[in-house]
There are 2 protein chains.
Amino acid sequence: MSQYEKTCLIRGDSGRTIRAILDRIGNKWTLLIVATLHGGRMRFTELQQHIPGISQRMLSLSLRHLERDGLISRTAHAEVPPRVEYELTPMGQTLIVPAITLAEWAVEHNPGIERSQTAYDSRDD
Amino acid sequence: MSQYEKTCLIRGDSGRTIRAILDRIGNKWTLLIVATLHGGRMRFTELQQHIPGISQRMLSLSLRHLERDGLISRTAHAEVPPRVEYELTPMGQTLIVPAITLAEWAVEHNPGIERSQTAYDSRDD
DNA sequence: CGGAATCCATTACGATACTG
DNA sequence: CAGTATCGTAATGGATTCCG
């Protein structure tokens with residue numbers, strides 16, 4: 001399968017597939033949570049500490065979305081005080097590879113992009 | 001470099017890198033435009049026809065963002081009526097690979113995700 | 001033809017406060 | 001500890017109109 005044919009995966013179906021994942025992971029926190037959970041099972045507060053800047057509300061919302069998508073699993077232990085642990089499902093684990101691919105692209109090309117932006121912003125036409 | 005170390009690309013720097021690209025490509029149309037331009041140079045109206053559902057406004061906005069990022073180039077021909085052509089820059093071409101990786105993940109796991117969502121929504125706890 | 005300007009609806013996000 | 005509820009703000013995107 002050629003690269004050109006593969007881009008049809010993106011454009012085909014009027015782009016519904018690609019938009020579906022972007023709606024899923026294109027937000028501010030999802031990939032950060034998935035990457036953090038790659039280190040293993042974690043509880044709510046622990047996640048919050050590993051992801052600086054996330055609010056309780058957004059962490060809670062994001063976790064429920066990810067659980068609904070089947071990418072993470074939630075385990076509530078019947079204890080006092082309550083203990084709830086989150087971990088990646090097997091399907092969630094598979095998201096790591098595309099996420100890394102994307103991150104590596106970002107790291108590699110960020111300098112070039114920023115240079116381009118500076119040039120664009122300082123041109124006077 | 002291990003996969004775990006690679007996820008630090010995502011989490012490291014408080015996730016600024018990953019958020020930078022998601023701000024860049026995590027929106028509704030960017031990847032669709034890049035994938036469409038993989039077919040070669042195209043003009044404004046042509047792009048609009050290849051990307052069903054996109055409004056003039058969003059196409060115009062997205063194209064200017066991509067141009068600012070140095071991922072596409074814009075060529076305005078001094079003719080009447082005006083003719084403007086867009087094409088991927090060399091850097092823009094490199095985005096194709098991560099985009100395809102993501103799209104393939106989406107195609108492969110969408111069924112599982114949708115099943116999970118249905119199960120989640122129909123459970124009564 | 002290839003846009004820019006304007007208006008509007010929806011959503012995402014953040015801060016704060018409260019609870020089983 | 002692990003959330004939910006409520007509020008206000010900002011960003012996103014669609015529809016429409018106008019213009020060189």
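Residue numbers start from 1 in every chain, and the chains themselves are labelled A, B, ... in the order their sequence lines are given, proteins ahead of strands.
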Exercise. Distance-only, no hydrogens or angles: does the B:Ser122 side chain make a donor-acceptor pair with backbone N or O of B:Thr118 under 3.5 Å?
Worked result: yes
Exercise. Counting only N and O atoms by type, is there a donor-acceptor contact under 3.5 Å from the side chain of B:Thr30 to the main-chain atoms of B:Ile25?
Worked result: no
Problem set entry | B:Arg57 (side chain) and C:dG3 (base): donor-acceptor pair under 3.5 Å | no
Problem set entry | Minimum-distance nucleotide to B:Val84 side chain [options: C:dG14, C:dG2, D:dA2] | C:dG2
Exercise. Could you give the CG-to-C1' distance, from A:Leu63 to D:dA2, as a whole number of Å?
Worked result: 11 Å
For this session: Ignoring backbone atoms, establish whether A:Arg64 has a side-chain N or O less than 4.0 Å from OP1 or OP2 of D:dA2.
Result: no
Problem set entry | Spacing between A:Asn27 atom CG and C:dG14 atom P, to the nearest angstrom | 10 Å
Exercise. Nearest-Å distance, CD (A:Gln56) to C1' (D:dT6)?
Worked result: 15 Å
Exercise. So, is B:Ser55 close to the D:dG13 phosphate, meaning a side-chain N or O under 4.0 Å from OP1 or OP2?
Worked result: no
Exercise. Are any side-chain N or O atoms of B:Glu114 and backbone N or O atoms of B:Pro111, one a donor and one an acceptor, separated by less than 3.5 Å?
Worked result: no
Exercise. CE of B:Met58 versus P of D:dT16: gap in Å, rounded?
Worked result: 17 Å
Problem set entry | B:Thr45 side-chain N/O to C:dG2 phosphate OP1/OP2 under 4.0 Å | yes
For this session: Give a yes/no on whether any side-chain N or O of B:Lys28 is located under 4.0 angstrom from OP1 or OP2 of D:dG14.
Result: yes
Problem set entry | 5' priority, DNA chain C, between B:Leu61 and A:Trp29 [closest heavy atom] | B:Leu61
Problem set entry | Side-chain donor or acceptor of B:Ser60 paired with backbone N/O of B:Arg57 under 3.5 Å | no
For this session: Quickly work out the B:Ile51 CD1 to D:dG13 P distance and round it to whole Å.
Result: 14 Å
For this session: Using a cut-off of strictly less than 4.0 Å, decide whether B:Tyr86 has a side-chain nitrogen or oxygen near OP1 or OP2 of C:dG3.
Result: yes
Seminar exercise, completed: Rounded to whole Å, the CG-P distance (A:Leu59 to D:dT4) equals 11 Å
Exercise. Atom CZ of B:Arg74 and atom P of C:dC1: how far apart are they, to the nearest Å?
Worked result: 16 Å
Problem set entry | Atom-pair distance (CG on A:Leu47; P on D:dC1), nearest Å | 14 Å
For this session: Tell me yes or no: between the side chains of A:Asn110 and B:Arg24, is some donor less than 3.5 Å from an acceptor?
Result: yes
